[in-house]
Protein chains: 2
Amino acid sequence: MQGWQDIQAEALRRIQRREWTPGSLIPGEAELAREFGCARATVNRALRALAEDGWLERRRRAGTRVALSPQRRAQMSVPVLRQEIEAHGYVYTHQLLHAHTMDDTLFLHTLHLSDGVPYALENREINLSEVPAAASEDWTTLSANEWLVQNAPFDHGTMIYEAIAAAPFEAANLLCAEGSPLLVLRRETFSGTGLITCVTLAYAPAHAVRLQI
Amino acid sequence: MQGWQDIQAEALRRIQRREWTPGSLIPGEAELAREFGCARATVNRALRALAEDGWLERRRRAGTRVALSPQRRAQMSVPVLRQEIEAHGYVYTHQLLHAHTMDDTLFLHTLHLSDGVPYALENREINLSEVPAAASEDWTTLSANEWLVQNAPFDHGTMIYEAIAAAPFEAANLLCAEGSPLLVLRRETFSGTGLITCVTLAYAPAHAVRLQI
DNA sequence: TAGTGGTCTAGACCACGGC
DNA sequence: CCGTGGTCTAGACCACTAG
């Protein structure tokens, strides 16, 4: 036993082997520090990491308990289509289908392709009062998907996945039958209080979103 | 300025106000500790938290830089259908449609309902050699979805979302037309090297998965 | 009110990796 | 090499809260 990661690993082992059972109180930091022959701060570091991962629940005075249902969480980033496609070894291209501006909103329709095959259809609105630089951008070389990731950092947002039936416009662009089931991602991102962009991404049929837990 | 959270907040402010620009080197821990009038460990705690959230990239010797594209990540838990449904104020029920055992695998088909309306159709396999207790469980009162969360903690796993067309079996149980687009979640969870369970969850039409970024 | 975790400090040594 | 972040220590005080 040397670093806090070793103590974390040992504690996790005890949880998984049920030496420390769900809901039960585990020894205090001081006692564990004595057992492992280290400072209390080191034990604190290890247990705090386990608590952040959902294995433990810690409360002052009440002590540390093994979580009743250790919920592992999957993490998902905002997808950058070029990276998704190139990670599979394919060539990424995109076509700007349509662009127009109304009031302070820029509307863009983009088709993303993988080795020339339709991959996803993007329908995006950009709030020009939040991102004025977007007004003078040439979307034929760099897609809005990539440009915004680099140029419009956001504080928070929402993502929604759902399944829809392909409408004629989607069917024509994604080269599938009308009514085909499509996975769709809708996303809104905000900076402070202002909406930056709002996008609907319809993936080609059979697309799957994979997450590691 | 008092605790590490204040230092974290101040650093985040400088990033968001572009006083520290993406890609640039920020002052070292020792210098910031001097500026804030605290110990280096306190600065370290604050900057480490920002790095874990993706705002900073830290490397020994190279120093700390503002991330080029501060990628916010969405977090998603393994859904517990009862909680999902009750969180919306509806009554959760479920029906065991089918169960049988072959070799060391238990096969279960379950329909989950929200206020009596079909919500999701679950097709599950449980590895009895990893979870022997599952063999003697009565699935009519507690669904496998809930039971496993409590009784079979896992180390890691994969989740896959995709869109499918409703087959006759799904259409009949989810009360929708054949061919309706359905959002489907496939999940495998493991403990150590062993597969615990593998589940396909077909949600009723128009279901959406919402994530906060 | 007493006991737990949360945090801070000052100092120290180490590991990594640009130079 | 040597400066940077990563970590550990021993001790201290504080915040919260169960009893």
Side-chain angles (χ1 to χ4, degrees), chain A residues 1-16 19-71 75, chain B residues 1-16 19-71 73:
Chain A
M1 290 307 150
Q2 305 201 345
W4 66 270
Q5 311 209 43
D6 295 302
I7 296 178
Q8 181 189 30
E10 170 60 16
L12 185 54
R13 194 191 63 77
R14 294 184 188 180
I15 295 169
Q16 291 178 337
E19 294 172 28
W20 291 344
T21 59
S24 68
L25 213 52
I26 75 171
E29 295 188 349
E31 184 177 338
L32 289 172
R34 253 176 280 125
E35 176 190 340
F36 292 119
C38 67
R40 186 170 73 92
T42 307
V43 173
N44 181 283
R45 182 85 160 82
L47 298 189
R48 178 160 34 88
L50 287 173
E52 283 169 1
D53 280 354
W55 293 102
L56 297 175
E57 286 171 4
R58 323 192 71 200
R59 273 161 42 206
R60 284 168 158 122
R61 169 68 189 174
T64 299
R65 292 176 181 279
V66 179
L68 280 174
S69 49
Q71 279 280 31
Q75 288 205 341
Chain B
M1 292 305 150
Q2 305 201 344
W4 67 269
Q5 311 209 43
D6 295 303
I7 296 178
Q8 182 190 29
E10 170 60 16
L12 185 54
R13 195 192 61 79
R14 293 185 188 179
I15 294 169
Q16 292 179 336
E19 295 172 26
W20 291 343
T21 59
S24 68
L25 213 51
I26 74 170
E29 294 188 349
E31 184 177 338
L32 290 172
R34 254 176 280 126
E35 176 190 340
F36 292 119
C38 66
R40 186 170 73 91
T42 306
V43 173
N44 181 284
R45 182 85 158 83
L47 298 188
R48 179 159 34 88
L50 287 173
E52 284 169 0
D53 280 353
W55 293 102
L56 297 175
E57 288 170 3
R58 322 192 72 199
R59 278 178 14 221
R60 285 170 158 120
R61 170 68 189 176
T64 300
R65 293 178 179 278
V66 179
L68 280 174
S69 50
Q71 279 281 30
R73 286 184 290 272

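These values consider heavy atoms only, across backbone and side chains, with no hydrogens, waters or symmetry-generated copies. We name chains A, B, ... by the order of the sequence lines, and we start the count at 1 in each one.
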To the nearest angstrom, how far is [X] atom [atom1] from [N] atom [atom2]?
X     : N      : atom1 : atom2 : value
B:F36 : C:dT9  : CZ    : C1'   : 17 Å
A:E31 : C:dG5  : CD    : C1'   : 15 Å
A:D6  : D:dC8  : CG    : C1'   : 13 Å
A:R65 : D:dT17 : CZ    : P     : 15 Å
A:L32 : C:dT4  : CG    : C1'   : 13 Å
B:E57 : C:dG17 : CD    : P     : 14 Å

Would A:T64 and A:E57 satisfy side chain to side chain contact (heavy atoms under 4.5 Å, CB included), going step by step from the backbone distance to the final call? CA-CA 6 Å; A:T64 299; A:E57 286 171 4; over 6 Å; no
Which atom names give the shortest non-hydrogen contact between B:A11 and B:L50, and what distance separates them? CB-CD1, 3.5 Å
How bent is the helix from C:dT1-D:dA18 to C:dG18-D:dC1, measuring the angle between the end axes built from five pairs each, rounded to 10°?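 One end's axis against the other's: 10°.
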Does anything in residues 29-44 of chain B pair up under salt bridge (charged side-chain N to carboxylate O under 4.0 Å, His left out), and if so which pairs, sequence neighbours excluded? B:R14-B:E35, B:E29-B:R40, B:E29-B:R58
Please name all residues satisfying side chain to side chain contact (heavy atoms under 4.5 Å, CB included) with [X], sequence neighbours left out, ordered by chain then number.
X     : value
B:R60 : none
A:R13 : A:E10, A:R17, A:E19
A:R45 : A:W4, A:R48, B:R48

Using side chain to side chain contact (heavy atoms under 4.5 Å, CB included) as the criterion, point out the one residue from A:T21, A:I26, A:L25 that pairs with A:V66.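 Exactly one option meets the side chain to side chain contact (heavy atoms under 4.5 Å, CB included) with A:V66, and it is A:I26.
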Just do the side chain to side chain contact (heavy atoms under 4.5 Å, CB included) check on A:I15 and A:L56 with the steps written out, would you? CA-CA 9 Å; A:I15 295 169; A:L56 297 175; 3.8 Å; yes
Please tabulate the protein-to-nucleotide N/O contacts below 3.5 Å involving nucleotides 4-7 of chain D, giving atom names and distances.
unit_1, atom_1, unit_2, atom_2, d
D:dT4, O2, B:R61, N, 3.1
D:dG5, OP2, B:E29, N, 3.2
D:dG5, N2, B:R60, NE, 3.4
D:dG6, OP2, B:R58, NH1, 2.6
D:dG6, O4', B:R60, NH2, 3.0
D:dG6, O6, B:R40, NH2, 2.5
D:dT7, OP1, A:W4, NE1, 3.4
D:dT7, OP2, A:R45, NH2, 3.1
D:dT7, O4, B:R40, NH2, 3.2

